[in-house]
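One structure below.
Positions are given from 1 along the sequence.
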Amino acid sequence: MTDISFTSIIRPVCSASFDSQTSSIVNNVNVWNIRGAKKGISAKTDRILDCTALGLTDGQTVFLMHITPDLSSNNAVFSYIAGKIRSSVDMTNEYLQALLVGSKNYSRESVTGYNNFAKFLKDNNIPYSELKGGENIHKIAYNSVKDEWLISNPDIDAFIKRGVINPEKLLKYGFDEVRINKLDEVV
């Protein structure tokens with residue numbers, strides 16, 4: 001087993017950089033229900049608009065899902081999703097942490113689904129960072145070799161083109177709410 005750090009990197013990048021840096025990732029979450037979830041050393045998903053994407057990592061692997069609001073906001077379906085997470089992830093792993101991305105304020109189902117995931121993480125004492133809202137579609141990818149999350153969306157692209165290089169500012173421009181847990185580092 002390699003050394004594991006408690007700190008995951010969160011790196012906002014332009015879309016072109018995201019696409020080139022993630023081109024070799026084969027775990028592409030492109031089915032937006034629990035059957036589409038992927039587990040491996042890396043995974044990615046895109047077109048996160050009013051959906052919720054959740055990535056759980058222990059620094060060695062990632063379990064990534066992208067769930068539509070109609071599913072994540074339904075209590076019976078969400079119970080099934082929570083069970084699938086518990087059966088796919090070692091919930092006792094001391095290195096487990098998460099990234100939660102999504103939610104749009106114009107959709108009650110979107111907000112409810114996002115909040116269901118946030119409550120699940122809190123109830124299970126899983127530290128997590130969150131990137132909530134924003135006007136555009138988002139892309140995320142995790143690579144365990146670097147213990148790094150790549151984040152991209154058109155707002156981040158626009159501000160990078162304007163010369164903004166501060167990663168915290170890029171995330172704040174790209175999302176309505178940004179909360180980085182103490183175990184993560186934005187670079």
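- Within the 3.5 Å criterion, the main-chain N or O of I41 finds a donor-acceptor partner in the side chain of S144.
- Judged by distance alone, the side chains of D184 and S129 do bring a donor and an acceptor atom under 3.5 Å apart.
- Of the possible donor and acceptor atoms, one in the side chain of N153 sits under 3.5 Å from a partner among the backbone N and O of G174.
- No hydrogens or angles considered: nothing links the side chains of T52 and Y114 as a donor-acceptor pair under 3.5 Å.
- A side-chain N or O of D155 and one of N136 form a donor-acceptor pair less than 3.5 Å apart.
- Taking the side-chain hydrogen bond (donor to acceptor under 3.5 Å, both in side chains) definition, one finds that N75 meets it with nothing, sequence neighbours left out.
- Remark: R179 pairs with E130 by the side-chain hydrogen bond (donor to acceptor under 3.5 Å, both in side chains) rule, at least two apart or across chains.
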**OP:** Go through the steps for L150 and I140 under the test side chain to side chain contact (heavy atoms under 4.5 Å, CB included), then give the verdict.
**Re:** CA-CA 6 Å; L150 295 178; I140 64 171; over 6 Å; no
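- Pairs of residues two or more places apart, or lying in two chains, that qualify as ring-ring contact (aromatic ring centres under 6.0 Å, His included) and include a residue from residues 162-187 are H138-F175, F159-Y173.
- A donor-acceptor pair is defined here as one N or O able to donate and one able to accept, closer than 3.5 Å; no such pair exists between the side chain of S17 and the backbone of V13.
- Partners of D70 under the side-chain contact (heavy atoms from CB on, under 4.5 Å) rule, at least two apart in sequence or in another chain, are T68.
- With 3.5 Å as the limit, one finds a donor-acceptor pair spanning the side chains of D157 and S15.
- Under the 3.5 Å distance criterion, with hydrogens and angles disregarded, no donor-acceptor pair is assigned to the side chains of Q97 and T57.
- The local environment of CG in N115 is crowded, with over 12 non-hydrogen atoms from other residues, nucleotides or ligands closer than 6.0 Å.
- Pairs passing the ring-ring contact (aromatic ring centres under 6.0 Å, His included) check and including a residue from residues 116-135, sequence neighbours excluded, read F78-F117.
- For the pair T22 (side chain) and A141 (backbone), a donor-acceptor distance under 3.5 Å is absent.
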Taking only distance into account, with no hydrogens and no angle test, what donor-acceptor pairs under 3.5 Å do side-chain atoms of residues 25-33 form with protein atoms, sequence neighbours excluded?
unit_1 : atom_1 : unit_2 : atom_2 : d
N27    : ND2    : S42    : O      : 3.1
W32    : NE1    : H66    : ND1    : 3.3
N33    : OD1    : R35    : N      : 2.9
N33    : OD1    : G36    : N      : 3.3

